[in-house]
Structure formats: structure tokens, C-alpha cells
Amino acid sequence: QKEVEQDPGPLSVPEGAIVSLNCTYSNSAFQYFMWYRQYSRKGPELLMYTYSSGNKEDGRFTAQVDKSSKYISLFIRDSQPSDSATYLCAMSGAAGNKLTFGGGTRVLVKP
Amino acid sequence: GAVVSQHPSWVICKSGTSVKIECRSLDFQATTMFWYRQFPKQSLMLMATSNEGSKATYEQGVEKDKFLINHASLTLSTLTVTSAHPEDSSFYICSATELAGVKETQYFGPGTRLLVL
């Protein structure tokens, strides 16, 4: 079993819909949680950074962390075709430590 | 956010040659840089952790003599693929950590696509 599980998708939604992404993990030592967006043939771009449990909102993006369930989520409101990309969750046990990535979820937002 | 650059963005080389890839943090000092490899439709695979002024720490299964890493300054790390072979063809991505207070965040470079013929 992988340390971080993420549905590979693809997740196809119509423009304007809410995109819901999630990851589950097994290592209770993880405290730092991140979501990255990666376009084809590009490096990952940091979207959200969360420490410990709770919610964080930034524009159209909302990240949630539930450490008791070992479950994290990313919501994208009012999705746009430009949101079509692969979304990677990542986490670490301490600041600056190496990240453990999920496998990525491919998202397609159709006009 | 912080900017990390990589050079070259893509390279084609003959089998048996060595290829050097540079990773630079442009507007911050990075004590730690990471090197990843990514195959098509797969997630990032960590190859090694590079700390400025010390030897890199390689992940299990990664040949340190084949993938030479040098982290000579707080803004530059290099990955050299020695005696490259077609199976080394991949997308190589570096990341650098920026320390802002108690928060350390990894920022990724744009990646280098390597094709070995």
C-alpha cells in the first residue's frame, strides 16, 4: 500500500462546476500538506500549503485537512478550462523535509 | 512566489555521453534542493536530496555514481547524468526550499526533458 493514495482520474467536469479532489494517507507523522498543479511538460506549481488540520481558502481554491481521518481535499470553484491539469497532493512530516507525493489526479474542465 | 529555473529545458544526446542540468533559485537562497524524475503519466519520483556544501542523499535504487549531484552554492545545484543511456530518457525536475519564518515551502523548476538516442 502506498503512503499516499490519490485517484488518478481523469476527472471530467463542465466549466463552472466545482472540482473536488482528495488524498488519503497512512503516515500519522505528516503535518505539512500541499497541493500542486502540473500542466503537461511543465514543473509542478504550488497552489495551497496547509499546516496540520483545518481549512484554507485562496481565491477559487479551498484546501481541507482532516488529520484524524488522514484525509485531505482540494476544491476548485467556478472551474475553468485553464484548470485542466494534473493535481498532485504532497505532504511531509517536518518543514523542509522531502515530500511524499500522491500519484496525481488528471482533471479535464470542458467548455 | 519564489522562482526556480532549470537549464537546459530540453536536451537530446547520444548514448554514452554525459549531460549536466542546472537548477537555480533566482530570488531566494535554498539550503536544500531536491531532484526528481518523472516518467509519462506518472508522479514525481524523488532521486536525491541536496544540501549546500555537503554530499547529496540518494533514494534507494538511485545510482549515485550515475547521477552526480553538486550543490556548490545556496542558489545552484547541478545534476549530471553520466554515460547516459536510452532508459535514462525522462523529465527531470528540481525543487528548492524557501524558508520564510517557520514555513518551508518547496518550489519547483520547469523541468528538463532528456532524450537519449
Side-chain angles (χ1 to χ4, degrees), chain A residues 2-11 21 23-25 27 30-52 54 56 58-59 61 63 65 84-108, chain B residues 1-7 9-10 21 23-25 28-52 56-60 62 90-115:
Chain A
K2 296 179 182 178
E3 268 194 297
V4 180
E5 297 279 358
Q6 186 176 5
D7 189 321
L11 177 61
L21 304 165
C23 290
T24 58
Y25 62 95
N27 189 343
F30 288 144
Q31 296 191 77
Y32 297 84
F33 304 91
M34 285 135 277
W35 285 95
Y36 289 87
R37 176 175 64 193
Q38 186 177 25
Y39 292 111
S40 181
R41 298 172 180 255
K42 301 290 184 182
E45 171 192 9
L46 179 67
L47 289 176
M48 300 291 282
Y49 177 104
T50 309
Y51 170 69
S52 194
K56 186 174 183 179
D58 184 1
F61 300 94
V65 174
S84 298
T86 295
Y87 291 80
L88 299 155
C89 64
M91 46 200 80
S92 69
N97 276 15
K98 63 181 182 180
L99 298 177
T100 300
F101 281 89
T105 299
R106 187 170 165 229
V107 172
L108 299 172
Chain B
V3 179
V4 177
S5 71
Q6 277 184 247
H7 178 79
S9 57
W10 60 271
I21 303 170
C23 176
R24 293 182 185 271
S25 57
F28 66 99
Q29 293 185 329
T31 54
T32 305
M33 289 184 172
F34 300 87
W35 286 96
Y36 296 83
R37 183 165 54 182
Q38 187 177 35
F39 292 105
K41 297 187 178 181
Q42 294 187 24
S43 191
L44 285 75
M45 184 190 79
L46 180 64
M47 299 175 67
T49 301
S50 169
N51 289 295
E52 185 265 340
T57 302
Y58 290 82
E59 295 299 301
Q60 191 174 8
V62 178
S90 188
F91 191 48
Y92 292 87
I93 310 174
C94 72
S95 71
T97 56
E98 179 192 31
L99 176 61
V102 296
K103 172 183 171 182
E104 285 193 16
T105 307
Q106 274 194 44
Y107 292 97
F108 285 83
T112 297
R113 191 160 302 278
L114 171 63
L115 177 61

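Since the structure is predicted, the reported quantities are computational estimates derived from the model, not experimental observations. Letters A, B, ... are given to chains in the order of the sequence lines, protein chains preceding strands, and every chain is numbered from 1.
Note: Lys42(A) leads Lys42(A), Glu45(A), Gln6(A) in heavy-atom pairs under 4.5 Å with chain B.
Listed by chain and residue number, nothing satisfies the side-chain contact (heavy atoms from CB on, under 4.5 Å) test with Ser9(B) (two or more places apart in sequence, or in another chain). Listed by chain and residue number, nothing satisfies the salt bridge (charged side-chain N to carboxylate O under 4.0 Å, His left out) test with Arg106(A) (two or more places apart in sequence, or in another chain).
Rounded to the nearest 0.5 angstrom, Tyr36(A) OH and Ser43(B) OG are separated by 11.5 Å. Note that the CD atom of Gln38(B) and the CG atom of Leu88(A) stand 7.0 Å from one another [nearest 0.5 Å]. Rounding to the nearest 0.5 angstrom, the gap separating the CG atom in Leu99(A) from the CZ atom in Phe108(B) is 6.0 Å.
The shortest distance between side-chain heavy atoms of Gln106(B) and Leu46(A) does not fall below 4.5 Å. Two residues are said to be in side-chain contact when any heavy atoms from C-beta on lie closer than 4.5 Å; Leu44(B) and Gln38(A) meet this criterion.
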